[in-house]
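Written out below as structure tokens is the structure these notes cover.
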Amino acid sequence: MILPILHYPDSRLRTVAKPVKAVDDTVKMLVKNMFETMYAEEGIGLAATQINQHLQIVVMDVPDSQDDYELLLKDRKNHSDKKTNIQHHPLCFINPKITTTSGHEKNVEGCLSVPDFQAQVERSSQITIEALNEQGESFTLHASNLLAVCIQHELDHLKGILFVDYLSKLKQKRLLEKTKKAIKG
Ligand code: NI
């Protein structure tokens with residue numbers, strides 16, 4: 001089932017998610033619906049917060065490399081029927097915690113909750129994350145590059161933080177004005 005996504009500046013995106021108590025059938029169904037929604041909206045990551053479910057759950061499917069990511073974006077831009085053959089890596093993180101970080105890098109980010117907007121954000125370049133998977137098993141993952149960026153972006157959602165919060169006050173004001181205009185049509 002494809003679920004509706006909350007859009008900036010919706011205040012529900014500011015809700016802090018609660019830990020999942022048990023990975024039961026309800027949680028598994030939510031994870032399944034989150035993957036369906038993420039693929040339908042052509043995102044590479046989705047946090048439960050974005051579909052107004054305030055539990056610590058994130059799903060992701062991040063391309064292998066920056067080159068693959070650029071191909072993916074090009075496909076989308078061209079609305080091409082001939083999709084590139086990109087390797088899929090579905091990942092689910094329940095009650096995730098980043099345990100180590102190192103380095104810094106700037107990347108252009110976008111978000112399904114902030115349509116038609118991209119901006120550069122500085123993040124840690126390498127991270128370690130501990131979480132439960134959709135079977136309720138704990139695992140540890142070391143991530144770098146786009147995967148590390150995406151994990152930090154999605155975990156921010158669970159804390160009620162959006163990538164646009166890192167921009168200058170002026171850029172945030174401009175975005176808000178643009179968004180209001182769009183809503184008015
Ligand atoms: Ni996002």
Side-chain angles (χ1 to χ4, degrees), residues 1-20 30-63 66 68-70 72-73 75-77 86 88-98 101 104-125 127 129 131 134 141 143-168 171-176 178-180 182-183:
M1 193 169 75
I2 297 165
L3 306 162
I5 292 180
L6 300 178
H7 288 154
Y8 173 84
D10 194 313
S11 61
R12 291 171 291 180
L13 286 167
R14 301 306 184 176
T15 315
V16 177
K18 293 193 169 75
V20 171
L30 180 58
V31 169
K32 187 174 168 280
N33 289 336
M34 284 174 66
F35 271 116
E36 277 184 38
T37 305
M38 179 183 75
Y39 287 128
E41 300 296 332
E42 302 189 325
I44 60 170
L46 184 73
T49 313
Q50 294 176 274
I51 46 135
N52 202 27
Q53 295 287 324
H54 302 289
L55 290 169
Q56 292 177 11
I57 305 172
V58 157
V59 297
M60 245 174 258
D61 193 341
V62 176
Q66 194 66 36
D68 274 4
Y69 183 53
E70 271 154 30
L72 194 81
L73 292 178
D75 267 358
R76 287 176 192 177
K77 216 169 146 189
I86 295 167
H88 281 275
H89 305 286
L91 283 170
C92 171
F93 302 91
I94 297 171
N95 299 344
K97 276 188 183 65
I98 292 175
T101 63
H104 296 281
E105 61 177 66
K106 277 187 177 176
N107 284 284
V108 175
E109 296 186 22
C111 180
L112 292 176
S113 292
V114 192
D116 305 319
F117 184 78
Q118 293 191 323
Q120 243 191 10
V121 178
E122 188 175 307
R123 304 274 190 189
S124 301
S125 40
I127 61 156
I129 180 170
E134 62 266 61
L141 182 76
S144 56
N145 305 320
L146 189 59
L147 182 59
V149 170
C150 192
I151 288 171
Q152 291 168 83
H153 175 117
E154 299 308 330
L155 265 62
D156 268 358
H157 275 301
L158 300 181
K159 291 180 253 172
I161 299 167
L162 294 169
F163 80 108
V164 299
D165 300 347
Y166 298 111
L167 304 180
S168 70
K171 280 185 183 159
Q172 289 188 46
K173 202 179 146 216
R174 281 196 195 133
L175 173 63
L176 209 55
K178 195 183 109 187
T179 310
K180 277 182 191 156
I183 290 167

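Atoms within each ligand, like the ligands themselves, are counted from 1 in listed order. Keep in mind it's a predicted model, so treat the numbers as computed, not measured. Counting begins at 1 with the first residue of the sequence.
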Can you tell whether the side chains of Arg123 and Glu109 come within less than 4.0 Å, N to carboxylate O? yes
Hey, which of Val62, Asn107, Ile44 is the one that makes side-chain contact (heavy atoms from CB on, under 4.5 Å) with Val149? Asn107
How many angstroms lie between NZ in Lys97 and CD1 in Ile127, if you round to the nearest 0.5 Å? 14.0 Å
Output for pair (Asn145 CG, Glu105 CD), nearest 0.5 Å, gives 6.0 Å
For Asn52, run the side-chain contact (heavy atoms from CB on, under 4.5 Å) check against Leu6, Thr15, Asp10 and tell me which one passes. Leu6
What's the verdict on side-chain contact (heavy atoms from CB on, under 4.5 Å) for Leu146 and Asp68, showing C-alpha distance, side-chain angles and the deciding distance? CA-CA 11 Å; Leu146 189 59; Asp68 274 4; over 6 Å; no
Below the 2.8 Å mark, what number of protein N, O or S atoms do you get around the Ni ion (ligand 1)? 3
